[in-house]
Trainee: 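Okay, here's the structure, questions in a sec.
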Amino acid sequence: MADQAFVTLATNDNYAKGAMVLGRSLRSHKTSRKLVVLIGPHVTDPSRAVLHNIFDEVRLVDVLDSGDSAHLALLKRPDLGVTFTKLHCWTLTHFSKCVFMDADTMVLSNVDELFDREELSAAPDPGWPDCFNSGVFVFRPSKETHKKLLTFCTEHGSFDGGDQGILNSFFSNWATADISKHLPFIYNLSSIAIYSYLPAFKQYGANAKVVHFLGQTKPWSYTYDTKGKCLKGDLQGSPSHGTYLQTWWEIYSTAVLPMLFKEFGDQPFHSGCVAGENGCGELDAVTHNVPLMSSEERKQLWEQGQADYMGIDCFDNIQKKLDSFLK
């Protein structure tokens, strides 16, 4: 199946962690398809090296520096920069069919059967089921479709400010035209939606194949105690949500972190792991809490209301910074 691929996107080192776990989860469940990750310029060289170890193809995409039609569209709609970046997946025309999966998803079993579906197949969004969630979707790469999507973006914008609004408007007949393009919810199970309809989760949850960590708090926002094998932080929801987070961290700490240590070498980086007793340890010197992103990127996340409150932007670190100015 060399002409079919799972595709994801990592815009910075935090999302690169998610892509690494996603890639490892696909590998561990023995997918027969290629793995491709699109990366933004903020992904550092050590993280890129790890991605090369997991994915068959690592492709740098940056609409801000390109001279193609995406760049021209961005000049008119700079608010949709991240959306344009994601839409680059339609340019992977050396593949006949692909499944896009957000970097905050994780597979729980083999999902190669998704390639039996046609464009645009996706699961309903838990917040508005007449819209599909764009965290997992089947598509056919096409330069013509890519061009039409960029034109649509420029002319109509996005009703939610992101790619999901664009794609739902562009593929506007998804809700009514062909039920075979409605993926079962088990292919894009929102981890924070579990407790909104707990009886259904108890009935069908055991069949879940893909979990999607929706919301601002991502798996990498937590801290994981490698000795106690437990998470530190508010798990925000049902025990099942915590179970999925635990699985994510087990993959990350055992299959991904050793590669990151090797690539970062003596460079300090925020691993997210502690080596304490009963979840009460301190970060050791190797995993010193240093941000993975540039100061400019971190500033942008703050302005978007996406500060890393569980990590570098936690209250204690902010207080220490303020104290240093007062001395």
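Keep in mind it's a predicted model, so treat the numbers as computed, not measured.
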Trainee: Is the count of non-hydrogen atoms from other residues, nucleotides or ligands lying under 6.0 Å from Y204 atom OH greater than 12?
Mentor: no

Trainee: Within the 4.5 Å heavy-atom criterion, are V107 and K209 side-chain neighbours or not?
Mentor: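 Counting from C-beta outward, V107 and K209 never come under 4.5 Å.
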
Trainee: Which pair of heavy atoms, one from A16 and one from L51, lies closest together, and at what distance?
Mentor: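 Here A16 and L51 meet closest at O-CD2, 4.0 Å.
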
Trainee: Tell me whether the rings of W249 and Y252 are parallel (<30°), tilted (30 to 60°) or perpendicular (>60°).
Mentor: perpendicular

Trainee: Quick one: which residue pairs count as a salt bridge (charged side-chain N to carboxylate O under 4.0 Å, His left out) with a foot in residues 252-273, not counting sequence neighbours?
Mentor: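 Listed by first then second residue: nothing to list.
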
Trainee: Partners of R33 by salt bridge (Lys or Arg N to Asp or Glu O under 4.0 Å), sequence neighbours excluded?
Mentor: D112

Trainee: Taking NZ, NE, NH1 and NH2 as the nitrogens, is one of them in E118 or K97 under 4.0 Å from a carboxylate oxygen of the other?
Mentor: yes

Trainee: Does the plane of the ring in F100 sit parallel, tilted or perpendicular to the ring in F137? Use 30° and 60° as the thresholds.
Mentor: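 Aromatic pair F100/F137 classed parallel.
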
Trainee: So which atom in S134 and which in D163 form the shortest heavy-atom distance, rounded to 0.1 Å?
Mentor: OG-OD2, 2.6 Å

Trainee: Between the side chains of H212 and D104, is a donor N or O closer than 3.5 angstrom to an acceptor N or O?
Mentor: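 A pair is found: one side chain offers a donor N or O, the other an acceptor, under 3.5 Å apart.
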
Trainee: I'd like to know if the side chain of Q246 pairs up with that of Y222 as donor and acceptor (distance under 3.5 Å, no hydrogens or angles considered).
Mentor: no

Trainee: L149 and L167: which non-hydrogen atoms are nearest, and at how many Å?
Mentor: CD2-CD2, 4.0 Å

Trainee: Side chains of H52 and E57: do they bring a donor and an acceptor to under 3.5 Å?
Mentor: no

Trainee: Would you say the ring centroid of F115 lies under 6.0 angstrom from that of F6?
Mentor: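 Centroid distance F115-F6: below 6.0 Å, so yes.
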
Trainee: Run the side chain to side chain contact (heavy atoms under 4.5 Å, CB included) check on L92 and R59 step by step: do they pass?
Mentor: CA-CA 10 Å; L92 300 172; R59 175 173 293 200; 3.7 Å; yes

Trainee: Does W220 form a side chain to side chain contact (heavy atoms under 4.5 Å, CB included) with H270? I'd like the steps, not just the answer.
Mentor: CA-CA 10 Å; W220 52 85; H270 179 44; over 6 Å; no

Trainee: Between D56 and R27, does any side-chain N to carboxylate O distance fall below 4.0 Å?
Mentor: yes

Trainee: Determine whether a donor-acceptor pair (N or O, by modelled atom type, separation under 3.5 Å) exists between the side chain of S121 and the backbone of R117.
Mentor: no

Trainee: Carefully, step by step, assess S47 and F264 under the rule side chain to side chain contact (heavy atoms under 4.5 Å, CB included).
Mentor: CA-CA 8 Å; S47 290; F264 274 93; 4.2 Å; yes

Trainee: Are any side-chain N or O atoms of D225 and backbone N or O atoms of G228, one a donor and one an acceptor, separated by less than 3.5 Å?
Mentor: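 Checking the backbone N and O of G228 against the side chain of D225, a donor-acceptor pair under 3.5 Å is found.
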
Trainee: Could you go through V99 and M101, starting from their C-alpha distance and side-chain angles, then the distance that decides it, and tell me whether this counts as side chain to side chain contact (heavy atoms under 4.5 Å, CB included)?
Mentor: CA-CA 6 Å; V99 174; M101 303 185 72; 4.0 Å; yes

Trainee: Tell me whether K34 at atom NZ has more than 12 heavy atoms from other residues, nucleotides or ligands lying less than 6.0 Å away.
Mentor: no

Trainee: For the pair E113 and Y187, evaluate side-chain hydrogen bond (donor to acceptor under 3.5 Å, both in side chains) and give the outcome as yes or no after the intermediate values.
Mentor: CA-CA 11 Å; E113 67 271 16; Y187 288 103; 2.7 Å; yes

Trainee: Between P258 and S253, which heavy-atom pair has the shortest distance, and what is it?
Mentor: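 In terms of heavy atoms, the two residues are closest at CD-O, 3.6 Å.
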
Trainee: ring-ring contact (aromatic ring centres under 6.0 Å, His included) with F95: which residues, sequence neighbours excluded?
Mentor: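 If we apply the ring-ring contact (aromatic ring centres under 6.0 Å, His included) test to F95, skipping adjacent residues, there are no hits.
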
